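Scroll down for the structure; my scribbles are underneath it.
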Amino acid sequence: MIFNMDNIQLLAQAYRKFLLELGQEFKHIKESKAYEGFADTFIDTVKSPEIGFTPNEAETLIHMYDKFCLLEPQDLPSHHSMKMMVNKKVDMSMLEDAKLLSVTDFKEKLKDEEIGSQERTYKYEIIKRVNETGSIKKVYGEEID
């Protein structure tokens, strides 16, 4: 099997879509009480060995579905960012940041929004790996471009 970045990206999008579909199913089961005959409560259903989720995970997936169900898979942020947006009740105006930033940077952006600060106690440095030796070195000035 040949692996390439296009396949990884397609699989990641399919995973995000799958999470939303799972949230949709949990929502349907919860609202329609379709779990009756399988378990006594929705929570018992979710926690059953056949399903194996925590109630919190199921609720998060339901909220992810509610928030992101109208988006196409390629427009969804990472599953970590989707969970963060749901759990922290982040407005959809932050969607582009969630899509474009790494999870760590998106967390920082949310924290900055929360406390109104953008001061950093660190700085980013760009490094590159030297192909011949495998070592890394810092990149300066014009090399960055």
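Heavy atoms only: backbone and side chains are in, while hydrogens, waters and symmetry mates are out. The structure displayed is predicted, hence computed values, not measured ones.
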So which of D75, L76, L70 actually passes side chain to side chain contact (heavy atoms under 4.5 Å, CB included) with E72?
->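 Single side chain to side chain contact (heavy atoms under 4.5 Å, CB included) partner of E72 among D75, L76, L70: D75.
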Report yes if some heavy atom in the side chain of [X] is under 4.5 Å from a heavy atom in the side chain of [Y]; otherwise report no.
{"X": "F53", "Y": "L61", "answer": "yes"}
{"X": "P77", "Y": "F106", "answer": "no"}
{"X": "Y35", "Y": "D40", "answer": "no"}

Enter the distance from [X]:[atom1] to [Y]:[atom2] here, rounded to the nearest 0.5 Å.
{"X": "I62", "Y": "L20", "atom1": "CD1", "atom2": "CG", "result": "12.5 Å"}
{"X": "R16", "Y": "L11", "atom1": "CZ", "atom2": "CG", "result": "11.0 Å"}
{"X": "F38", "Y": "D44", "atom1": "CZ", "atom2": "CG", "result": "10.0 Å"}
{"X": "T41", "Y": "K33", "atom1": "OG1", "atom2": "NZ", "result": "10.5 Å"}
{"X": "E113", "Y": "D91", "atom1": "CD", "atom2": "CG", "result": "10.0 Å"}

Are Y65 and F26 near enough that their ring centres are under 6.0 Å apart?
->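 Ring centres of F26 and Y65 not closer than 6.0 Å.
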Check: Q74 main-chain N/O paired with K17 side-chain donor or acceptor under 3.5 Å =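 Checking the backbone N and O of Q74 against the side chain of K17, no donor-acceptor pair under 3.5 Å is found.
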Quick one: side chains of residues 79-89, donor-acceptor pairs under 3.5 Å with protein atoms, not counting sequence neighbours, listed by atom name and distance.
residue, atom, partner, partner atom, Å
S81, OG, S78, OG, 3.1
N87, OD1, T60, OG1, 3.4
N87, ND2, K83, O, 3.3

Taking atom NZ of K67 as the centre, report whether more than 12 heavy atoms of other residues, nucleotides or ligands fall under 6.0 Å from it.
->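 Yes, the 6.0 Å shell around NZ holds more than 12 heavy atoms from other groups.
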How about L101: does its CG atom have over 12 heavy atoms from other parts shown lying under 6.0 Å from it?
->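 Atom CG in L101 is packed in, count exceeds 12.
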Given D105 and L100, is the side chain to side chain contact (heavy atoms under 4.5 Å, CB included) satisfied, shown in steps?
-> CA-CA 9 Å; D105 289 345; L100 299 175; over 6 Å; no
Check step by step if salt bridge (Lys or Arg N to Asp or Glu O under 4.0 Å) holds for K111 and E108.
-> CA-CA 5 Å; K111 193 61 148 170; E108 288 178 359; over 6 Å; no
Tell me whether V103 is reachable from F68 by hopping between hydrophobic residues (I, L, V, M, F, W, Y) whose side-chain heavy atoms are closer than 4.5 Å.
->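 Looking at the clustering, V103 is in the same group as F68.
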Side chains of N56 and T54: is there a donor and an acceptor less than 3.5 Å apart?
->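 On atom types as modelled, these side chains do not qualify, holding no pair under 3.5 Å.
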Residue pair F18, Q13: steps toward the side chain to side chain contact (heavy atoms under 4.5 Å, CB included) verdict = CA-CA 9 Å; F18 166 75; Q13 288 175 7; over 6 Å; no
Test salt bridge (Lys or Arg N to Asp or Glu O under 4.0 Å) applied to E36 - qualifying residues, sequence neighbours left out =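 In terms of salt bridge (Lys or Arg N to Asp or Glu O under 4.0 Å), with neighbours along the sequence ignored, E36 is linked to no residue.
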K27 and E31: CA distance, side-chain angles, deciding distance, side chain to side chain contact (heavy atoms under 4.5 Å, CB included) verdict = CA-CA 6 Å; K27 181 177 181 167; E31 290 176 351; 3.0 Å; yes
